[in-house]
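To start, the structure itself, in structure tokens.
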Amino acid sequence: MKKFFAIIVASLLAVSAYAQFGVIGGLTSTMPDAKSAYENIKGVNLYHVGVTCKIGGNFFAIQPSLIYRMKGTSIQGVGEGEEATMDYKTGYVELPIQAQLGFALGSIARIYGIAEPYIGYAVTNFKKDESGNFENDIKSVTDKLEYGFGAGVGVELFKHFQLSVRYCWDFGEIGNKIDLAQVAESVKTTKCNCINASLAILF
């Protein structure tokens, strides 16, 4: 047993020697697939923030992160008078694992492509009340599990700063995540994809 733990510790130390730890944050722009469901669903620009770790070199790297991501939707024209608006801001704790394939431009920059599967779990669900204030109604989220896949491009500057843009396909359905009993049945099959623009600082 002691040998097993010694191997684990040695492996972690070996990995950490080639790893860079840092922080990450940026913009999350939600893009519901309204064409196939309810045309009055609109996305909301929110944010994501967390920690990240890059393991690898210029050609290939793996970069897992642990982030808190806020996704939002605004559904207009609901209710009997078709004048009400339902606004949601759902927060997920996510684990995206980013695979990077790239090349260096001297010692200044590195350009890379991104493939990023992710999984998450809803921990907050802010719903606008009649007064226009947002209250946390996480109990209305019937399916808290979230999963999907992202693809995009990024640039790394001076080995410490990363700028990236990714399009993420959410394989879940927003009808499973929020209470949409007041909305047309077709909304429940709407996908909630998003565009993420991120800045990461590596140490």
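Sequential numbering from 1 along the given sequence is applied to the chain's residues.
The cluster map of Ile, Leu, Val, Met, Phe, Trp and Tyr, joined by side-chain heavy atoms under 4.5 Å apart, puts Leu199 and Ile108 in the same cluster. Put simply, Ile114 and Ile97 are part of two different groups of oily side chains (I, L, V, M, F, W, Y) that touch within less than 4.5 Å, one to the next. Residues Phe158 and Ile111 share a hydrophobic cluster, clusters being chains of Ile/Leu/Val/Met/Phe/Trp/Tyr side chains in contact below 4.5 Å. Hydrophobic clustering keeps Leu163 apart from Val51 (ILVMFWY residues linked when any side-chain heavy atoms are closer than 4.5 Å, directly or through intermediates). Note on Ile55 and Ile67: separate hydrophobic clusters, where clusters join Ile, Leu, Val, Met, Phe, Trp and Tyr whose side-chain heavy atoms are under 4.5 Å apart, directly or indirectly.
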> Given the rule in the side-chain contact (heavy atoms from CB on, under 4.5 Å) test, do Ser74 and Tyr88 qualify, once you have shown the distances and angles that lead to the verdict?
Replying inline: CA-CA 6 Å; Ser74 178; Tyr88 293 90; over 6 Å; no
> Would Phe59 and Leu101 count as a side-chain contact (heavy atoms from CB on, under 4.5 Å) if you check the C-alpha gap in whole Å, the side-chain angles of each, and the deciding distance to 0.1 Å?
Replying inline: CA-CA 6 Å; Phe59 179 69; Leu101 190 64; 3.6 Å; yes
> Hey, mind stepping through Glu156 and Gln100 against side-chain hydrogen bond (donor to acceptor under 3.5 Å, both in side chains) and telling me if it holds?
Replying inline: CA-CA 11 Å; Glu156 184 176 291; Gln100 303 174 356; 5.9 Å; no
> Can Tyr167 and Trp169 be said to form a ring-ring contact (aromatic ring centres under 6.0 Å, His included), step by step?
Replying inline: CA-CA 7 Å; Tyr167 187 90; Trp169 290 269; 4.9 Å; yes
>> Does Val165 form a side-chain contact (heavy atoms from CB on, under 4.5 Å) with Ile195? I'd like the steps, not just the answer.
In response: CA-CA 7 Å; Val165 178; Ile195 293 177; 4.2 Å; yes
>> As a quick check of understanding, evaluate side-chain contact (heavy atoms from CB on, under 4.5 Å) for Phe149 and Phe171, giving each step before the final call.
In response: CA-CA 8 Å; Phe149 184 84; Phe171 298 150; 3.9 Å; yes
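A distance-only check finds a donor-acceptor pair linking the side chain of Gln20 to the backbone of Lys159 [under 3.5 Å]. Checking side-chain atoms of Asn58 against main-chain N and O of Phe103 turns up no donor-acceptor pair under 3.5 Å. A donor-acceptor pair under 3.5 Å is formed between the side chain of Asn193 and the backbone N or O of Asp170. Remark: the backbone N or O of Asn45 is not paired with any side-chain donor or acceptor of Ser29 at under 3.5 angstrom. His48 places no side-chain N or O within 3.5 Å of a backbone atom of Tyr68 that could act as its donor or acceptor partner.
The pair Arg166-Glu116 counts as a salt bridge, with a side-chain nitrogen and a carboxylate oxygen less than 4.0 angstrom apart.
Among residues at least two apart or in separate chains, salt bridge (charged side-chain N to carboxylate O under 4.0 Å, His left out) pairs with a member in residues 60-70 are Arg69-Glu94.
The shortest side-chain heavy-atom distance between Leu202 and Gln162 falls under the 4.5 Å cut-off. Two residues are said to be in side-chain contact when any heavy atoms from C-beta on lie closer than 4.5 Å; Lys144 and Ile138 meet this criterion.
Note that the NZ atom of Lys71 and the CG atom of Leu46 stand 11.0 Å from one another [nearest 0.5 Å]. With rounding to the nearest 0.5 angstrom, the OG1 atom of Thr28 is 4.0 Å from the CG atom of Asn196. Between the SG atom in Cys194 and the CG atom in Leu27 there is a gap of 9.5 Å [rounded to 0.5 Å].
Counting only N and O atoms by type, the side chains of Thr124 and Asn136 include no donor and acceptor under 3.5 Å apart. Checked by atom type, the side-chain pair Ser65/Tyr118 shows no donor-acceptor distance below 3.5 Å.
When every heavy atom of Phe203 is checked against every heavy atom of Ile201, the shortest pair comes out as CE1-O, 3.8 Å. Between Phe60 and Ala99, the closest heavy-atom pair is CE1-CB, 4.4 Å. Closest non-hydrogen pair, Pro64 versus Thr52, comes out as O-OG1, 3.3 Å. Scanning both residues, Lys54 and Ala61, for their nearest heavy atoms gives CE-CB, 4.0 Å.
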